[in-house]
Amino acid sequence: MFRPADEQLKILCAGAVQIETVDELRKKLEESRAAHRPLRVKLGMDPTAPDIHLGHTVVLRKMREFQDLGHKAVLIIGDYTAMIGDPSGKTRTRPMLAPEAIKRNAETYFQQAGKVLDTAPDKLEIRYNSEWLAGMSFADVLRLASHMTAAQILQRRDFKERLQNDVDIALSEFLYPLMQGWDSVVVRADVELGGTDQLFNNLVGRELQRDEKQESQVVMVMPILPGLDGVQKMSKSLGNYIGVSEPPNEVFGKAMSISDELMWGWYEMLLGKTQAEIAALKAGHPMEAKKTLAAALVERFHGAEAAQAARDHFDNQFSKKKLDEVAEPLAVPAGKIGLIELVEKTGAFKSRGDIRRIIQEGGVQLDGQKLTDPKVVIEPRAGQILRAGKRVVRKIELAG
RNA sequence: GGAGGGAUAGCGAAGUGGCCAAACGCGGCAGACUGUAAAUCUGUUGACUAACGUCUUCGAAGGUUCGAAUCCUUCUCCCUCCA
């Protein structure tokens, strides 16, 4: 039932930044095949933000590959650890989250992770780490904490930097890697996946398992996906993300706005393209390559039909300029109306001052005609196309 | 416990009685250029107003003053050094 270890290894190693260690992974794969026992592949999810974005899918897709090869995904919802907040890559202490918020987030997480993972019960095991962490006594915690020295903890780059810059580190944050490592012990993980920022945490799991006389898990870290800006990692709080639940046109549009340079990185990390395949794409027009990428991403979360529709929508709005095709209706009362009021009805702007500015800067058009006087009063007709800024396109409908 | 320093708009950071809705940089938005690219250039970036202007904002609450981000008092939080 399992494919030969080397075959599996080839698939699994693709795209990974670092594997501790490949030899151990091969050995585990061989043993698993011989014993007809699926490997337990652990992935911790931190339910502090309620949305999964493309950045998360890099690791989730790797998890899916394990599943497709017959292994078992063990998804840990870090409901207990979330109370501390993972210090990885963070420059400041995270606020602790309320239990209800964590629960809510965990539910959306599971639902969204299902867009990438195989959710069949024999392929996916979901555990909340409060199950074993909540009941630990102080003595248990002390015992756990004694596994690690201060020097080891302080080796971490993010801690070191924070210390240097006089940024707080809550003592509880030091315990985070231990909690996560303990998860590995409890679920008897064979492999733990994560982003490169999880390397330290995941390696702690190896140590703890060894101390508990278990075979240490293999740690596999995947690259961190850069966000839309192409500089910082994709994250919700930076606003440079594409969420897996976003509507097709949003996904497509956002993907189109990334730089060419970043596009190749996304091809590699999100679609698993090889350098050779990317080189072939580079020979063509970059915009075509980007549309293909954008369509592939939409297709992944919404299906092929939606991908085609999003592509058409984009073409109509920006390439062919057939605004009539893409405009959403905007109900307007019949009669005269100030331009600012009209634009305000789109609900797409934060204040009237904002609208006034956009008008003055030539960002508002009615039927292709620029209107730059904020105080002009017009009498809109049904079917007219109102455009405000790059993205807002509405077709006037008269109400009443 | 002692001594000193700090908290300013989304972020970083100037400002130390009126010229401060608050320099500058980043980020954001819009325009030009394009491939809705990116980069670049230009404008803009508290709210309301057609505008004059009005209102709210510089950790919190009080006070001094014709006038406070700026001075005083108390409070909250943070940092550094010493113990």
Side-chain angles (χ1 to χ4, degrees), chain A residues 90-93 95-96 161-171 226-242 246-267 281-295 297-298 310-323 325-327 336-344 346-366 368-378 385-393:
Chain A
K90 287 290 175 291
T91 49
R92 63 181 65 182
T93 306
M96 288 203 179
E161 277 168 11
R162 280 163 65 178
L163 217 49
Q164 225 158 42
N165 298 329
D166 295 332
V167 180
D168 287 355
I169 305 174
L171 218 45
L228 295 172
D229 54 53
V231 181
Q232 293 184 277
K233 75 169 191 175
M234 183 172 284
S235 90
K236 173 132 181 162
S237 53
L238 292 171
N240 62 355
Y241 71 104
I242 299 181
E246 290 192 65
N249 290 338
E250 281 293 304
V251 175
F252 199 98
K254 282 186 179 181
M256 287 306 288
S257 77
I258 65 174
S259 72
D260 290 353
E261 203 185 342
L262 177 59
M263 162 171 72
W264 308 121
W266 278 27
Y267 257 111
L281 283 162
K282 281 183 177 171
H285 193 293
M287 186 179 65
E288 280 310 315
K290 206 174 286 176
K291 281 182 180 172
T292 305
L293 170 71
L297 295 177
V298 175
R311 190 176 181 131
D312 290 344
H313 181 94
F314 182 87
D315 282 343
N316 280 332
Q317 182 162 6
F318 299 107
S319 307
K320 299 183 197 153
K321 303 262 190 253
K322 283 160 71 179
L323 296 183
E325 299 282 325
V326 298
K336 291 186 185 303
I337 187 170
L339 186 54
I340 292 179
E341 283 72 33
L342 181 64
V343 175
E344 195 174 23
T346 65
F349 299 92
K350 71 177 165 77
S351 70
R352 290 169 66 87
D354 206 27
I355 294 170
R356 192 172 296 122
R357 197 179 317 120
I358 288 167
I359 293 173
Q360 281 164 345
E361 289 170 341
V364 173
Q365 301 179 358
L366 191 62
Q369 190 134 34
K370 254 184 208 181
L371 299 173
T372 55
D373 181 1
K375 52 183 192 288
V376 71
V377 174
I378 54 172
I385 300 294
L386 174 74
R387 189 165 184 207
K390 284 182 202 154
R391 293 187 179 80
V392 179
V393 182

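As the structure is a computational prediction, the values presented were derived from the model and not from experiment. In what follows, chains are A, B, ... by sequence order, proteins preceding strands, each numbered from 1.
No side-chain heavy atom of Val298(A) sits less than 4.5 Å from a side-chain heavy atom of Asn249(A).
Nucleic acid contact for Gly239(A): none, since no nucleic acid atom lies under 4.0 Å from a heavy atom of the residue. If you check every strand for non-hydrogen atoms under 4.0 Å, Lys290(A) touches a base.
With a cut-off of 3.5 Å on both pairing distances, C20(B) has no Watson-Crick or G-U wobble partner at all. Across all strands shown, G31(B) pairs with C41(B); the Watson-Crick or G-U wobble distances both stay below 3.5 Å.
For Asn316(A), there are no side-chain hydrogen bond (donor to acceptor under 3.5 Å, both in side chains) partners two or more places apart in sequence or in a different chain. Considering only residues two or more places apart in sequence or on other chains, Ala255(A) meets the side-chain contact (heavy atoms from CB on, under 4.5 Å) condition with Ile242(A), Ala294(A), Leu297(A). For the side-chain contact (heavy atoms from CB on, under 4.5 Å) test, residues two or more places apart in sequence or in another chain that qualify with Lys370(A) are Gln365(A). In this view, Phe314(A) and Phe252(A), Phe318(A) satisfy the ring pair (Phe, Tyr, Trp, His ring centres under 6.0 Å) rule, not counting sequence neighbours. Looking at residues two or more places apart in sequence or on another chain, you find a side-chain hydrogen bond (donor to acceptor under 3.5 Å, both in side chains) between Ser235(A) and Ser237(A). With sequence neighbours excluded, no residue forms a side-chain hydrogen bond (donor to acceptor under 3.5 Å, both in side chains) with Asp373(A).
An OP1 or OP2 oxygen of C48(B) is reached within less than 4.0 angstrom by a side-chain nitrogen or oxygen of Ser351(A). One finds a side-chain N or O of Lys350(A) lying less than 4.0 angstrom from the OP1 or OP2 phosphate oxygen of A47(B). A close approach under 4.0 Å does not occur between any side-chain nitrogen or oxygen of Ser319(A) and OP1 or OP2 of G35(B).
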So which protein nitrogen or oxygen atoms get under 3.5 Å of nucleotides 25-30 of chain B's nitrogens or oxygens?
| unit_1 | atom_1 | unit_2 | atom_2 | d |
| --- | --- | --- | --- | --- |
| A30(B) | OP1 | Lys390(A) | N | 3.4 |
| A30(B) | O2' | Glu361(A) | O | 3.4 |

Can you name the atoms? Protein N/O to nucleotides 49-51 of chain B N/O, anything below 3.5 Å, with the distance.
| unit_1 | atom_1 | unit_2 | atom_2 | d |
| --- | --- | --- | --- | --- |
| U49(B) | OP1 | Arg352(A) | NE | 2.8 |
| U49(B) | OP1 | Arg352(A) | NH2 | 3.2 |
| U49(B) | OP2 | Arg352(A) | NE | 2.6 |
| U49(B) | OP2 | Arg356(A) | NH2 | 3.4 |

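Out of G35(B), A32(B), U36(B), the shortest distance to the side chain of His285(A) is found at G35(B).
Residue pairs that meet the side chain to side chain donor-acceptor pair (under 3.5 Å) test with at least one member in residues 347-356 of chain A, sequence neighbours left out, are Glu341(A)-Arg352(A), Glu344(A)-Arg352(A), Asp354(A)-Arg357(A).
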